[in-house]
Amino acid sequence: MSENTRSGAKARLYDAFAASGKALASGKRLELLDLLAQGERTVDALAKAAGLNLTTASAHLQTLKQAGFVATRREGVRIHYRLAGDDVAQLFALLRKVAEKHQAAVPAARDAYLGEDAAAGVGHEELRARIAAGDVVVLDVRPVEEYQAGHIPGAISIPVAELADRIHELPEGTQIVVYCRGEYCALAYDAVRLLTDRGRRAIRLHDGMLEWRLSELPVDAADLT
């Protein structure tokens with residue numbers, strides 16, 4: 001192979017790598033990956049959850065599909081999207097951590113969104129030990145469909161929007177460990193603040209369902225209907 005031929009082949013290879021990077025170069029597309037890391041969803045459901053109109057959501061999803069990050073299946077007239085593999089979830093999680101470590105704007109943006117208590121929380125091993133000891137209640141505050149798709153074994157499902165009205169369903173006197181989608185999900189922070197204001201002992205899981213799955217820890221699925 002001549003030097004010019006090799007150089008051209010190398011350029012095409014790196015351009016192919018760059019195409020994946022370009023597909024991730026949108027905050028909304030990253031948000032869609034975050035939602036899909038919780039389980040399969042229709043375009044309608046993704047658009048609603050991400051605050052997008054259908055046309056825009058579909059365009060972002062097509063970009064992600066062309067990059068190979070998402071896959072689809074058709075059910076009648078509905079198209080369901082899912083992550084193409086666990087490696088996509090790993091890439092998404094790693095991208096966030098690398099950005100937080102190396103991009104100065106990220107920690108301030110994180111604290112503005114989540115609150116300055118963003119570092120507090122319980123780790124996986126501590127939570128598993130406490131579950132085994134039976135001295136903690138695990139609360140999943142994601143939407144019900146995400147809980148159904150997969151949750152920490154034994155977790156109670158109360159979406160954060162319903163928590164104020166359903167707080168009586170949680171036993172008193174036992175500490176509550178709250179989790180949601182992942183380390184940067186605000187739902188758990190909101191739930192802990194609400195529970196604390198109501199006199200309950202509550203703390204977050206340090207991250208959430210994304211990281212729990214990627215750690216290959218046990219996951220249950222359930223149909224609440």
Side-chain angles (χ1 to χ4, degrees), residues 15-96 113 139-153 155-166 179-188 190-191 207-214 216-225:
D15 284 343
F17 292 152
S20 292
K22 290 177 182 177
L24 299 177
S26 161
K28 279 300 180 182
R29 286 199 286 274
L30 293 180
E31 187 176 349
L32 290 169
L33 290 179
D34 192 13
L35 291 166
L36 288 170
Q38 307 302 309
E40 185 181 73
R41 295 200 186 195
T42 63
V43 180
D44 290 5
L46 286 166
K48 182 178 179 181
L52 297 169
N53 61 50
L54 280 175
T55 301
T56 303
S58 296
H60 282 314
L61 289 165
Q62 282 303 307
T63 298
L64 292 171
K65 185 178 181 181
Q66 289 165 7
F69 291 138
V70 300
T72 60
R73 70 175 178 88
R74 182 178 291 275
E75 187 177 74
V77 298
R78 291 179 177 272
I79 297 177
H80 297 256
Y81 280 83
R82 65 184 184 278
L83 293 187
D86 289 343
D87 52 353
V88 179
Q90 291 166 350
L91 174 63
F92 171 63
L94 180 60
L95 173 64
R96 298 195 306 186
Y113 175 53
L139 177 62
D140 186 319
V141 294
R142 298 174 298 158
V144 171
E145 62 270 19
E146 296 181 17
Y147 175 86
Q148 292 174 314
H151 57 268
I152 295 175
I156 297 170
S157 172
I158 304 180
V160 69
E162 302 174 14
L163 185 55
D165 294 329
R166 297 176 58 188
Y179 74 92
C180 55
R181 292 169 179 148
E183 185 175 353
Y184 303 91
C185 175
L187 304 179
D190 294 342
D207 41 47
M209 200 65 220
L210 169 64
E211 295 84 0
W212 185 273
R213 284 183 185 272
L214 291 178
E216 299 184 346
L217 294 171
V219 174
D220 279 351
D223 186 351
L224 301 184
T225 61

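What's counted below: heavy atoms across the whole structure, side chains too, no hydrogens, waters or symmetry copies. All of these numbers come straight from a predicted model, not from anything done at the bench.
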query: Going through the distances and angles, do Glu31 and Leu52 end up as a side chain to side chain contact (heavy atoms under 4.5 Å, CB included)?
result: CA-CA 11 Å; Glu31 187 176 349; Leu52 297 169; over 6 Å; no

- prompt: Are there more than 12 heavy atoms of other residues, nucleotides or ligands under 6.0 Å from atom CZ of Arg166?
  reply: yes

Interatomic spacing from CG in Leu24 to CG in Leu30 - rounded to 0.5 Å: 6.0 Å

- request: Find out whether Leu210 and Phe92 are in side-chain contact, i.e. whether some heavy atom of one side chain is under 4.5 Å from a heavy atom of the other.
  value: yes

- prompt: If every non-hydrogen atom of Gly39 is compared with every non-hydrogen atom of Ala149, which pair is closest and at what distance?
  reply: CA-CB, 4.3 Å

- line: In short, side chain to side chain donor-acceptor pair (under 3.5 Å) pairs touching residues 85-94 with sequence neighbours left out are none

- prompt: From Glu211 CD over to Leu217 CG, what is the distance, rounded to the nearest 0.5 angstrom?
  reply: 11.0 Å

- prompt: In terms of heavy-atom contacts, does NZ of Lys28 have more than 12 from other residues, nucleotides or ligands at under 6.0 Å?
  reply: yes

- line: Heavy atoms of Tyr184 and Tyr113 approach each other most closely as O-CE2, 3.5 Å

task: May I ask you to test the Val88-Leu64 pair for a side-chain heavy-atom distance under 4.5 Å?
output: no

message: What's the separation between atom CG in Leu35 and atom CZ in Arg142, rounded to the nearest 0.5 Å?
response: 11.5 Å

Salt bridge (Lys or Arg N to Asp or Glu O under 4.0 Å) involving Glu40 - partner list, sequence neighbours excluded: Arg73

field: Closest contact, heavy atoms only, Leu32 versus Ala57
entry: CD1-O, 4.4 Å

- request: Indicate yes or no: at least one non-hydrogen side-chain atom of Ser157 is less than 4.5 angstrom from one of His151.
  value: no

message: Is there a side-chain contact between Tyr179 and Cys185 in this structure, where contact means two heavy atoms from C-beta onward sitting under 4.5 Å apart?
response: no

- request: Mark yes or no for whether Gln38, through its side chain, and Arg181, through its backbone, hold a donor-acceptor pair below 3.5 Å.
  value: yes

message: Testing the basics here: between Leu61 and Val70, what is the closest heavy-atom pair and its distance to 0.1 Å?
response: O-CG2, 3.9 Å

- prompt: Between the main-chain N or O of Pro159 and the side-chain N or O of Tyr147, is there a donor-acceptor pair closer than 3.5 Å?
  reply: no

message: Could you tell me if the side chain of Ile152 sits less than 4.5 Å from the side chain of Asp140, heavy atoms only?
response: no

- prompt: Do you know the tightest heavy-atom contact between Ser20 and Phe69?
  reply: O-CE1, 3.6 Å

field: Which atom of Ala191 lies closest to which atom of Val141, heavy atoms considered
entry: CB-CG1, 3.8 Å

field: Side chain proximity check, Asp34 to Arg96, heavy atoms < 4.5 angstrom
entry: yes

query: Quick one: does Glu75's side chain have a donor or acceptor within less than 3.5 Å of a partner on His80's backbone?
result: no

message: Main chain of Pro218, side chain of Trp212: is a donor-acceptor contact present, judged purely on distance under 3.5 Å?
response: yes

